[in-house]
Amino acid sequence: MTWYVETYLTDRDSSLLDLISFFIQCSGCKGVVTAEMCQSKDDSDVMSKMVEELDEDSVEYPLIQSGPYGRWFHSEFCEFVSVLVAQCQHSIIFDSYLMNTLISLLTELSNSYVRAFRHTCTLAAVKLLSSLVSVALSLSVGMENSQKLYEVQKTKTTRQKSTPQLEKIQKKITELQEKRAEIESMMDIIFKGVFLKRYRDVLPEIRSICMEELGLWMKLYSSAFLTDSYLKYMGWMMYDKIPDVRLKCVLSLQGLYGDPLLLPKLDLFTSRFKDRMISMTLDKDNEVAVQTMKLLVLISKISEDVLSPEDYSQLLQFVFSSQRPLAAAAGELLFSRYDEMNEEEAHKQQTLARLKALLQFYQESELHKHVVYLVDSLWDCGGALLKDWPTLTSILLQDSPGLTQAEEAVLVEILVASVRQASEGPALAGRSGAKKVMSAKEKKIQIDDCTKLTEHLLLVLPKLITKFSGSWDVVASLMKIPQYFLPEVAEAENTQVCMLPTLGLTGMGAVLDLHSGPAVLEAAARTYLSLCGEEMSWFSVTRAARDSLVQRWVDQLTALLEGSLQVKCTISLHGQKYVDICTCVCAFLGVCDVLTAHSYQLHLWDPTSFGPLLYTPSPKLQRALLTFVCMQVFVGPDCDNQSRASDTSEVERLEDLHRRRNLLAAYCKLIVHGVLEMSMAAEIFMYYMKYYNDFGDIIKETMYRTRQIDKIESARTLVLCLQQLFVRLKKEQESGGKAHPGVQTFTSIKELARRYVLTFGDLVKFRECIVMIHRLVEGGFFQTPETPTPPYLSYLTILSEFSSKLLKPDKKTVFSYLQKHTAEHIIDLRQECWQPLIYYRASLLAVAEVEDAVSNVSSDKKLYLPNRSPFSKHKPDGTTPNTASHKSFYSIVTSHLHLVPSGLQDLTNSGDGFPFFAPCN
């Protein structure tokens, strides 16, 4: 700017014209200011001309542009105004031409209705005033120095005193006073012409600029601006509806209250706007609330009488806020209130006094029941107190520490929360605003804290568990502490590792013998899981203690189960055979319940809670469960041939049916919950038609549930079911032996396939499933030199039942594939052995009279056994089956549906009303 000052001294008109053009162009106007416009006495002429040149179609102007360019322009623009005044403060700033013209132009443009002019020139004007404040301060410093020099000269003796020197100093003081008065006059003109009109501007950015600069003026030049006539604007704008404006007011007040020299001038403002500042802690903008709380902390430190007990009671509740910055600021207020207590006492007594005050506050608040939030709020300001674990544990181990039982329980929670905070950091559920990434320094502090707490609590924790073993809630909290131990501690490898199993684990085992509540068991399980990690220094000792504890429980449970079964079998009046069945059924239901509960805990597993308990049933166990179900459920004559000989036999039959339905439902639950593979349901689906009246609803619901889980895998299971039935029938025919009761006829298999087809409703939804069913037919359908006729060709007759669900494009594709792979293998389609292929082709071609095309099909004759009849839904005597027994059983089962675990009721209560899941116990 030196070159500009030199240019101005030679040609001030053209230099001033360049300066005016600069501010006009910074507003986004492309117009050119001429000398004639500057010579006009009315500044409104310049503004009107510039408005005509302004591109009103442009929404953005340089000051509000986003990105790096906008930030750069704002910084450089403000810097330009400051440097301009700084370079001119010793010369041309007092020529009554440059500043008068510039202030007049900025005042006029800041009152423009055009946003670009108003915003840019308001910023330039307030920055100009801030620069003038710096000039006034430098003049004041010069006056003070000159005044001191003048006083020194006056104190000299008559011989040493120099009258011309005194007159020169006095003249300089007078000159500095006149310059300061002129500067203050310029500041007053800008304040009245720009600030008073713009601090309530409709544009929030302009209001924010005014409040930010007003706070700076008050802080830097308090003798002129820090008065009640200026402070009132700050108080009024704390009610602004825009958060940024309120934030600028609060930040400015923080700068004022942080200077002890300015506090006497703020008494009236504090008493007038204290209620407003307290209410702003509830501001909807989080940053405004946080900064207001910090402001109130400053106010509370300078005077204890400003905030009343009611004010403290309201403000201290924010330690439980969901926003961590606000809670931390409130924690600082809480800690500062008790920080100066008992300074003359010993460290331990002082800590006890602070803890008592903290416990009293927590018990009186009754706002939140989680101590971890209180500890998190106090962590930044009171970390030294909360991390004083030796003092905390010594207070708890005292026989008479002066605390009530409730206060001791809260102090234990504070101890556990401080250990967690030191180990994991401030991440809490429901509280936001914490730092997500720690710096290297913070990580080092965290490791040091974990080392200290591990070394100390390894020795002290067993004593605490022993003392509080009678209180389940306190001991449950204490047993969480080992979860936060550092895995490797050098000192722990020697002494503590020996004391841990003998004291800590022994104490935990004794506690588990006394208490069996969910909180205690969960804390113990998580602690054992943490201590048994291979990275821990003492994992081998901990694993041995854990295994010993579990084995002891297994032995106790085995004894209880054996005694329970023995009692059940003893009171039974149905003989040894019934006792064996009862035992097997109890064992089966027990295994199903355990596997179902295991699957249920996987659904409820919290990813933050270590790892889930993983277990997959072995193929041997899966087959054993299936075999037991088939032997116990699908036995005896089907319900169509059952008779009702007497009332007694009817009751026994219903009880037996109820038992069988329970077994089937328990097994189906394992499939639906994914405990067993879905293919294990193929054996169950085989009996859908044969035992339809007794178990059709359960099997149908299982099909529906598995189809919801994975429709493709469910379709594969249906195909597997049909293929297994067909292969069994084929092997029986080839063997030529006596008919096995578990083998169904060809007609019944075909009818079962037709029933399966009816379960596929929407053709588009299940298109992929139907196509996949046809694609699964690969081997065994082409002739070989040993077998001129494909061995499993008759299966195409069963498969043709699914052709009706194929869409026309899919039928064409399947038919083309069939023609491609069978044309070269077929010798003579007129032979009777190839009739199933004709039947299948006709179903793909959608022939109208399929029966005519296959009227001579004899494949069914070859497959039917002479002593079998096709499966029918009607009884041999022509009467319809009696469903009264089923209805009676339905009423019995529905009356016990409330026994199903609540977590599984969504599977029990949905569907078409059939009791899919009967209770297992």
Side-chain angles (χ1 to χ4, degrees), residues 629 633-634 638-639 661 664-665 667-674 676-726 744-777 795-807 810-811 814 840 843-844 846 870-873 881 883 886 890 907-917:
V629 169
V633 176
F634 305 109
D638 53 11
C639 57
R661 285 178 63 88
L664 180 60
Y667 181 82
C668 291
K669 279 195 292 185
L670 299 180
I671 297 174
V672 171
H673 287 291
L676 301 181
E677 298 177 0
M678 197 175 295
S679 60
M680 299 299 294
E683 196 80 20
I684 304 298
F685 293 164
M686 294 179 183
Y687 301 98
Y688 179 57
M689 288 297 301
K690 188 174 182 179
Y691 293 90
Y692 183 81
N693 287 348
D694 288 342
F695 312 113
D697 55 343
I698 298 178
I699 299 176
K700 182 179 179 181
E701 190 68 13
T702 305
M703 292 181 188
Y704 173 74
R705 298 289 183 176
T706 54
R707 195 168 293 168
Q708 283 185 326
I709 298 172
D710 188 347
K711 58 183 179 181
I712 298 298
E713 188 63 26
S714 178
R716 290 178 183 272
T717 305
L718 295 181
V719 173
L720 178 61
C721 170
L722 295 174
Q723 290 180 350
Q724 288 181 353
L725 287 175
F726 180 81
Q744 301 184 25
T745 63
F746 186 84
T747 304
S748 63
I749 299 175
K750 192 169 179 290
E751 179 64 22
L752 181 61
R754 183 178 290 113
R755 288 299 187 99
Y756 287 165
V757 172
L758 295 178
T759 60
F760 294 96
D762 190 355
L763 299 183
V764 178
K765 179 180 179 181
F766 298 106
R767 177 183 182 181
E768 187 178 358
C769 298
I770 301 299
V771 173
M772 187 273 300
I773 290 175
H774 287 268
R775 289 179 58 189
L776 286 178
V777 183
Y795 181 77
L796 292 177
T797 306
I798 299 174
L799 184 62
S800 62
E801 297 292 338
F802 294 90
S803 300
S804 61
K805 292 295 182 178
L806 282 172
L807 298 178
D810 298 334
K811 287 184 177 181
V814 175
Y840 183 58
S843 66
L844 294 177
F871 182 82
S872 176
K873 293 174 60 179
T883 59
H886 176 67
Y890 177 81
L907 295 176
T908 307
N909 298 330
S910 60
D912 53 7
F914 288 106
F916 173 61
F917 290 128

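Just so you know, residue 1 is the first one in the sequence shown, and it goes up from there. Since the structure is predicted, the reported quantities are computational estimates derived from the model, not experimental observations.
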- [ ] Please report the C-alpha distance between M703 and L718 in whole Å, then the side-chain angles of each, then the deciding distance to 0.1 Å, and finally whether the side-chain contact (heavy atoms from CB on, under 4.5 Å) criterion is met.
- [x] CA-CA 9 Å; M703 292 181 188; L718 295 181; 4.3 Å; yes
Task: Option passing side-chain contact (heavy atoms from CB on, under 4.5 Å) with F685 (candidates L752, T717, L725) - done: T717
Measuring only between side-chain heavy atoms, which start at C-beta, is [X] closer than 4.5 Å to [Y]?
| X | Y | value |
| --- | --- | --- |
| Y687 | V633 | no |
| R707 | T759 | yes |
| V814 | Y840 | yes |
| M678 | L720 | no |
| C721 | Y756 | yes |
| Y691 | I699 | no |

Inter-residue atom distance [X].[atom1] - [Y].[atom2], 0.5 Å rounding:
| X | Y | atom1 | atom2 | value |
| --- | --- | --- | --- | --- |
| L799 | L722 | CG | CG | 9.0 Å |
| E677 | I671 | CD | CD1 | 10.5 Å |
| L758 | E801 | CG | CD | 9.5 Å |
| I798 | F726 | CD1 | CZ | 6.0 Å |
| H673 | R705 | NE2 | CZ | 9.0 Å |
| T745 | I749 | OG1 | CD1 | 7.0 Å |

- [ ] Report yes or no: do S843 and S803 form a side-chain donor-acceptor pair below 3.5 Å?
- [x] yes
- [ ] Would you please indicate yes or no on a ring centroid separation below 6.0 angstrom for F695 and F634?
- [x] yes
Open item on the list: Taking atom CD as the centre, does E768 end up with more than 12 heavy-atom neighbours from other residues, nucleotides or ligands that are less than 6.0 angstrom away?
Closed with: no
Open item on the list: Check this for me: E683, atom CD, are more than 12 non-hydrogen atoms of other residues, nucleotides or ligands nearer than 6.0 Å?
Closed with: yes
Open item on the list: Set out, in order, the CA-CA distance, both residues' side-chain angles and the distance that settles side-chain contact (heavy atoms from CB on, under 4.5 Å) for Y688 and R755, then state yes or no.
Closed with: CA-CA 9 Å; Y688 179 57; R755 288 299 187 99; 4.0 Å; yes
Task: Nearest atoms (heavy-atom pairs only) where I698 meets C668 - done: CG2-SG, 4.0 Å
Open item on the list: On a heavy-atom basis, which atom in K750 and which in T797 lie closest, and how many Å separate them?
Closed with: CE-CG2, 3.6 Å
Open item on the list: I'd like to know if the side chain of K805 and the backbone of F766 have a donor-acceptor N/O pair within less than 3.5 Å.
Closed with: no
